[in-house]
There are 2 protein chains.
Amino acid sequence: MRQLVLDVLSKQKAAISLPELEDMFEKADKATLYRTLKTFEENKLIHHIDDGSGAVKYALCQESCECEPEDLHVHFYCTVCQKTFCLNDTPVPSINLPKDFSLEKVNMVVSGICASCQK
Amino acid sequence: MRQLVLDVLSKQKAAISLPELEDMFEKADKATLYRTLKTFEENKLIHHIDDGSGAVKYALCQESCECEPEDLHVHFYCTVCQKTFCLNDTPVPSINLPKDFSLEKVNMVVSGICASCQK
DNA sequence: AGTAACTTTGCAACCCGGTTGCACCGCGTA
DNA sequence: TACGCGGTGCAACCGGGTTGCAAAGTTACT
């Protein structure tokens, strides 16, 4: 059951949202998929990305992923195909915060047009 | 009417969400406030920030603000008081995108604990 | 003032993603 | 067999955002 979801996720090049997942599993229930994603996330198999599209998307974590403050990579949201990609090779640059601000995590989403839509 | 909203916005230190606005204007309608914010945004008076809290927040633009790709500053979301601040002095660092990816805009939200909640 | 054209507001309804409670199913174990 | 438990499906709900429509207000022109 969850196996199926994991299979799908591992075959995706782009991050996938819950509604999208619902569509490709016509049979399965929204709540089930929702809970599946949640447990995956708790177990650090996947991470979520808020790309501002209104739906949170999910993608597999890298092997090395600690899912801790510094595992962080930049995400790219294509405004044409509306897909979201992990730029695993692009770490989030460090930021100088004002005094007395402590850093927990960073969400960095770059929008633009991806290679496939560039033509 | 919109004057009131503008007044409130200019008095805020933190960005404000639509639902929050609704609360402080018990009298006014959600739709009105919503449309007000939209027109303000079209006229580049304010900009919106998606801090991942589930509600989009709005804050005044700086005088110099072009609201174009490079006006961009980092935003800070405090996980304690759940307020969002513009770090106007902290520009978004530039990113090297993979080949054939074009850049339109960048959303960068740093989460952590703000100075006031730090004690 | 009177009217026409346009803007702003309020109400209500709707959409959609996310979330939860509950009952049911299937399975392993005592 | 009886029990407990995890996974599933259904249904309902919540909350932010969005839109259509009609009423109220505004402006301009006569």
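In what follows, every chain begins at residue 1, and chains take the letters A, B, ... in the order their sequences are listed. The structure presented is a predicted model; accordingly, all values stated were derived computationally and were not measured.
The CG-C1' distance, from A/Leu21 to D/dG9, rounds to 16 Å in whole Å. Atoms CG (B/Leu33) and C1' (C/dG10) sit 11 Å apart, rounded to a whole Å. Across the protein-nucleic acid pair, B/Glu22 atom CD and D/dC14 atom P stand 16 Å apart, rounded to whole Å. In this structure, the CG atom of B/Leu4 is 16 Å from the C1' atom of C/dG10, given to the nearest Å. In this structure, the NZ atom of A/Lys27 is 13 Å from the C1' atom of D/dT8, given to the nearest Å. Rounded to whole Å, the distance from CD on B/Gln3 to P on C/dT9 is 11 Å. Atoms CG (B/Leu37) and C1' (D/dT19) sit 16 Å apart, rounded to a whole Å. As rounded to whole Å, 10 Å separates atom P of D/dT18 from atom NE2 of B/His48.
A sub-4.0 Å separation between OP1 or OP2 of D/dG17 and a side-chain N or O of B/Tyr34 is absent. Close to D/dG7, at under 4.0 Å from its OP1 or OP2, lies no side-chain N or O of A/Thr32.
The listed nucleotides are C/dG18, C/dT8, D/dG17; the one nearest the side chain of B/Pro19 is D/dG17. Each of C/dC11, C/dG18, D/dG7 was ranked by its minimum atom distance to the side chain of B/Ala31; first place goes to C/dC11. The listed nucleotides are D/dG17, D/dG9, C/dC11; the one nearest the side chain of A/Asp29 is D/dG9.
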- Item | Derivation of the side chain to side chain donor-acceptor pair (under 3.5 Å) call for A/Gln82 and A/Ser53 | CA-CA 8 Å; A/Gln82 298 178 326; A/Ser53 66; over 6 Å; no
- Task: Could you please spell out the steps behind the side chain to side chain donor-acceptor pair (under 3.5 Å) verdict for B/Glu41 and B/His48?
- Result: CA-CA 8 Å; B/Glu41 194 172 12; B/His48 72 263; 2.2 Å; yes
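Residue-to-nucleotide contacts include no donor-acceptor pair under 3.5 Å from the side chain of A/Lys30 to the base of D/dG9.
In this structure, B/Arg35 reaches the bases: a heavy-atom distance under 4.0 Å links it to at least one base atom across the strands shown. The residue B/Ala55 sits close only to the backbone: its heavy atoms come under 4.0 Å of sugar-phosphate atoms, none of a base.
Shown here is A/Asn43, whose CG atom has more than 12 heavy atoms of other residues, nucleotides or ligands within 6.0 Å.
Scanning all heavy atoms of the two residues, the minimum distance from A/Met108 to B/Val92 falls at CE-CG1, 3.8 Å.
A/His75 and A/His47 have tilted rings, their planes meeting at an angle from 30° to 60° on a 0 to 90° scale.
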